[in-house]
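The structure appears right after this line, and notes come after that.
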Amino acid sequence: YTIVIPPPNVTGVLHMGHMLNNTIQDVLIRRARMLGFNACWVPGTDHASIATEAKVVALLKEQGIQKKDLSREAFLNHAWEWKNKYGGIILKQLEKLGASCDWDRTKFTMDPDMSEAVLDTFIHLYNKGLIYRGVRMVNWDPQSLTAVSDEEVIYKESNSKLVYVKYKIENSEDFITVATTRPETIMGDTAVCVNPSDERYAHLKGKKVCVPVVNRWVPVIFDEYVDAAFGTGALKVTPAHDINDFNLGQKHQLPSIDALTADGKISEAAGAYVGMDRFVCRKQIIKDLQEQGLVEKIEDIKNKVGHSERTDAVIEPKLSMQWFLKMDEISKPALEAVLGGDVKLIPEKFVNTYKHWMENVHDWCISRQLWWGQRIPAWYDNNGNTVVSKTKEEAFAQLKNKNSELKIEQIKQDEDVLDTWFSSWLWPLTVFDANVVKNGWDNANADLKYYYPTNDLVTAPEILFFWVARMIIAGKEFTKQKPFTNVYLTGIVRDKLGRKMSKSLGNSPDPIDLINQYGADGVRVGMMLCSPAGNDLMFDESYCEQGRNFANKVWNAFRLIKGFESSNTETQPTSSKAAIQWFENKFNEQLEIIDDHYAKYRMSDALMATYKLVWDDFCAWYLEAIKPEFVNGKSMPIDTATLNATIHFLEKLLKLMHPWMPFITEEIWHLLEERKEMDCVIVAQWPTATKAADSKLLAEFEVCK
RNA sequence: GGGAGCUUAGCUCAGCUGGUUCAGAGCACCUGCCUUACAAGCAGGGGGUCACUGGUUCGAACCCAGUAGUUCCCACCA
C-alpha cells in the first residue's frame with residue numbers, strides 16, 4: 001500500500017490546504033499499516049520554479065541585488081542557498097502534524113537523479129517527435145518575464161473603459177469607429193475587421209483606413225469572427241497582442257507589429273510612446289486622442305482580465321519562441337484509464353470535468369524563461385541547427401555532423417528551463433527509480449516494481465489537469481501502467497463565510513498556531529469532521545475545539561480505567577456481564593460500519609462513527625454501567641474479569657482512533673500497560689469483528705436504556 | 001456563451017435500490033446540575049413546508065420537467 005505525497009513547494013510553509021490533504025493521507029496510511037500492509041508514504045518537495053525564483057528575486061532585491069546583474073551561475077547559487085536554508089521547514093511542519101511518512105525516502109524534484117530523469121524525458125519525447133519548438137501566442141507574465149501556461153492564468157472580472165476611436169477612411173472625410181479596451185496597442189494595428197454581412201460597412205471593401213497616432217494605412221478586412229452587435233461592429237486587429245487577432249492575422253496574412261517589450265513597456269517597433277509603461281500609456285493615449293478629436297465616446301464595461309497566478313501581474317498575450325509537447329496522441333491512454341475505471345476519481349463527478357479537458361487538450365508549452373529548474377537540453381550552433389542531448393560534448397558531436405567547421409565554444413544551450421510540472425508529472429515513478437525513463441520499465445529497479453502503481457493519490461481538484469492527468473499520461477507512456485488506482489480529490493478550505501482562504505484576505509489561520517492551541521490530534525479531528533469528499537469545507541476553529549474536547553474525553557476515560565482498583569475476590573455483577581456482552585456486540589456492529597465508510601473514502605463519516613462509538617457507547621453507557629459503586633466516600637474495587645474486559649475494549653478503541661489521533665492514542669497505549677519494545681499502536685493490528693453483531697441483543701439494550 | 005454540481009434544523013452535513021433505521025447526526029441553542037474520570041463535563045429539552053412549482057406513482061427528501069438561488073469547470077467578449 002503506497003501513497004506518494006503531492007510535493008509541496010520547497011520554500012513554502014504549511015497552509016490549511018496542506019493540513020487537510022496530509023491529514024487524509026496520514027489517516028489512510030496509518031490504517032493501511034494497521035491492516036497489515038507494507039505501507040509506504042513517500043514525502044518530498046517540489047522546486048516550483050516560478051514561485052521559488054520569484055521569492056529569491058525578491059530576497060535579493062531587499063539586499064539591493066538585481067537579478068539582471070547576476071550571472072546564471074551566481075543566481076543559482078543564491079537559489080540553492082535559499083533552498084538549503086528553508087527547504088526543510090515544511091517537512092518539519094508535516095512531522096509536527098503527525099505525518100507518518102517514510103522520511104528516509106524524502107525526495108526533491110531537483111535532486112540530481114530527479115533532474116536527470118527530466119532531461120531523459122525531454123530527450124525521449126523529442127526523439128519520438130512529440131516535442132517541437134515554435135512561435136506561438138503565449139500568456140506572458142511581464143513581471144516574472146516568462147511564459148506561463150493557460151492553467152496559470154486567472155481571469156478576474158474588472159471594470160474597464162471601452163474607448164471608441166475614430167479611424168479616418170481613405171479618400172474620404174468619413175471615419176470608421178472601433179471600440180477597444182486596449183488603446184495602447186493601437187500602434188500594433190495592422191487591419192480593421194468587420195463582419196461581411198454587416199451592411200453598415202459594405203462600402204469599405206478594398207478601402208484602407210488610417211491608424212491614429214502613427215498615421216499608418218491599414219486594410220479593412222471582412223471576417224465572420226466579428227460580432228456586429230458589439231461596440232460599433234468594427235474591430236481593430238492587433239495580431240501581436242491578442243490571440244483572436246493573431247488568428248485573424250494568420251488567416252488574412254496580416255503583418256504583425258510587436259508594440260510591447262517583454263516587461264510591458266511600449267517598444268521601439270511601436271513608433272510612439274516608446275519606453276512608456278503599458279498602463280501609463282493607455283491613459284496618455286486616450287488623452288491625446290481626445291485632444292485630436294478622435295475619441296467618439298468612452299463607456300464603462302466589465303470584462304475579464306487575465307492575471308498571473310504567481311505574480312498577479314496582468315498577463316500579456318505575446319508572440320514568442322517556446323517549446324511545446326504535442327498532447328493529442330500521448331493523452332489518449334490517460335483518458336481511457338479514467339473513463340474505463342482503471343483509475344478512479346473520488347468523487348466521481350470529476351470524471352466529466354476530466355473527460356472534457358482531455359478531449360480538448362492543447363499542446364503543452366513546457367518552456368519557462370527562468371533559471372531555477374531543469375535547463376532545456378537543446379543546443380544551437382551558429383548556423384541555425386538544433387540538437388537535443390544531455391551534455392555539451394554529445395551535442396557538439398551531433399552538430400559537427402551538420403556543420404563541420406563548428407568549434408565547441410560556438411554552441412549554445414537553450415536559456416530556458418522546463419515547466420515545473422514537466423518534472424512533477426514523473427513524481428510517482430522517479431521517487432522510486434529515477435532511471436526508469438532511460439532504462440525502460442522492463443529494467444526498472446526492484447523498488448519501482450514493488451511499489452508501482454501506487455494506491456491512493458490525495459490532492460486538490462485544482463490540479464487535476466496540471467498534475468494528476470499528466471502523471472497518468474507519463475505513467476502510461478513510460479510504464480504502460482497507471483500511476484495510482486484511486487484519486488481522492490479534497491475540497492477547498494474556505495472560511496466560515498465561504499471565502500477561499502488566502503494570504504491576501506488574511507482569513508487563513510496558521511496551522512502551527514492551531515496545533516499549539518488545540519494539539520495536533522485536536523486539529524486533525526477538527527479538520528476531518530468538516531471534510532466531505534470533494535466538497536469544499538467551511539472551516540471554523542470551533543471544529544478544532546470539538547477535536548480537542550474529544551481528545552480530552554478520551555484522556556479522562558483512560559484516567560478512570562487506570563484508577564480502578566482490581567480485586568480477585570469481587571464477583572462480577574450481572575449488570576457488568578451484560579454491559580460487556582452488549583459493548584462487544586456494539587463494537588462489532590460499528591466496526592463494520594466504520595470499515596465500510598473507509599472503503600468508500602467517506603472520511604468524515606468514518607470519524608463520526610468512531611467518535612460516537614467512543615463517546616456515547618463506551619464512555620456514556622458502558623463505563624457508567626461497569627463503574628463500581630461508591631461507598632463511604634470511597635470507590636469499591638472492580639472485579640478482575642470486568643477490568644480486563646474494559647482494558648481490552650479500550651485497546652481496541654485506541655486502535656480505531658489511532659489514524660485520526662496518533663499522539664494521544666500512542667501515549668495512552670503505553671501508559672495503559674507495560675509494553676514490549678515494538679508493541680506500539682501505530683503497528684498494532686486493526687480490529688476485526690470476532691463475530692457478527694447480535695442485533696437482537698443490541699435492540700434489547702436500547703429498551704433498557 | 002457551453003458544461004457539471006449543489007439547495008434537508010441556527011451552522012456543517014448524512015440520508016445508498018422510492019416504502020418500519022424516514023425526517024437523522026455532530027456542533028450551536030434552552031433548562032437543570034461544580035454528583036470524586038471528565039463543566040473541554042453530565043442529565044433532560046426545543047427546533048425542519050427536505051429551495052419553489054408541477055408531473056409520474058398506491059406511496060416522493062429520493063424519479064421526471066420547469067423556475068429561482070448558489071458553487072465550480074471550460075471558452076473567453078474586442
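Just so it is clear, the values below take in all heavy atoms, side chains as well, and ignore hydrogens, waters and symmetry mates. First the proteins, then the strands, lettered A, B, ... as listed; each starts at 1. From a predicted model like this one, the values you see are computed outputs, not experimental measurements.
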A:Lys612 bridged to A:Asp617 by N-O distance under 4.0 Å
no
Name the pairing partner of B:C16, where a pair is Watson-Crick or G-U wobble with both distances under 3.5 Å, or state none.
none
Let's see if you can work this out: which of B:A37, B:C74, B:A14 has an atom nearest to the side-chain heavy atoms of A:Trp357?
B:C74
Atom-pair distance (CD on A:Glu624; C1' on B:C38), nearest Å:
10 Å
From B:C76, B:G26, B:A37, nucleotide with atom closest to A:Lys627 side chain
B:A37
Give a yes/no answer on whether the side chain of A:Arg559 brings an N or O atom under 4.0 Å of OP1 or OP2 in B:G41.
no
Quick one: which protein N/O atoms are closer than 3.5 Å to N/O atoms of nucleotides 42-45 of chain B? Pair and distance per line, please.
{"residue": "B:C42", "atom": "OP1", "partner": "A:Lys553", "partner atom": "NZ", "Å": "3.0"}
{"residue": "B:C42", "atom": "OP1", "partner": "A:Trp615", "partner atom": "NE1", "Å": "2.8"}

A:Asn549 vs B:G41: side-chain N/O to OP1/OP2 distance below 4.0 Å
yes
Parallel, tilted or perpendicular: rings of A:Phe550 and A:Trp615 (30°, 60°)
parallel
A cation-pi test, strictly: NZ or CZ of A:Lys236 under 6.0 Å from the centre of the six-membered ring of A:Tyr167 and no more than 45 degrees from its axis. Yes or no?
no
Is the charged tip of A:Arg136 near the ring of A:Phe324: under 6.0 Å from the six-membered ring centre and within 45° of its axis?
yes
Under 4.0 Å: is that the gap between some side-chain N or O of A:Tyr611 and OP1 or OP2 of B:C27?
yes
Tell me: CZ of A:Phe350 to P of B:A4, nearest whole Å?
15 Å
Is there a Watson-Crick or G-U wobble partner for B:G10 with both distances under 3.5 Å, and which nucleotide is it?
B:C27
Side-chain N,O (A:Arg548) to OP1/OP2 (B:C27) below 4.0 Å:
no
Mind checking whether A:Tyr622 and A:Phe583 have parallel, tilted or perpendicular rings, split at 30° and 60°?
tilted
Residue met sooner reading RNA chain B from 5', once A:Cys530 and A:Ala179 are mapped to nucleotides
A:Cys530
May I have the distance from A:Glu629 (atom CD) to B:U36 (atom P), rounded to whole angstrom?
16 Å
Partner nucleotide of B:A4 by Watson-Crick or wobble geometry (both distances under 3.5 Å)
B:U71
Interatomic distance, A:Met527 CE vs B:U12 C1' [rounded to whole Å]
13 Å
Cationic N near anionic O, under 4.0 Å, A:Arg278 to A:Glu316:
yes
Pairwise 5' ranking along RNA chain B for A:Gln546 and A:Gly231, keeping only the more 5' one
A:Gln546
Paired nucleotide for B:A61 [Watson-Crick or G-U wobble; both distances under 3.5 Å]
none
Identity of whatever pairs with B:C38 - Watson-Crick or G-U, under 3.5 angstrom:
none
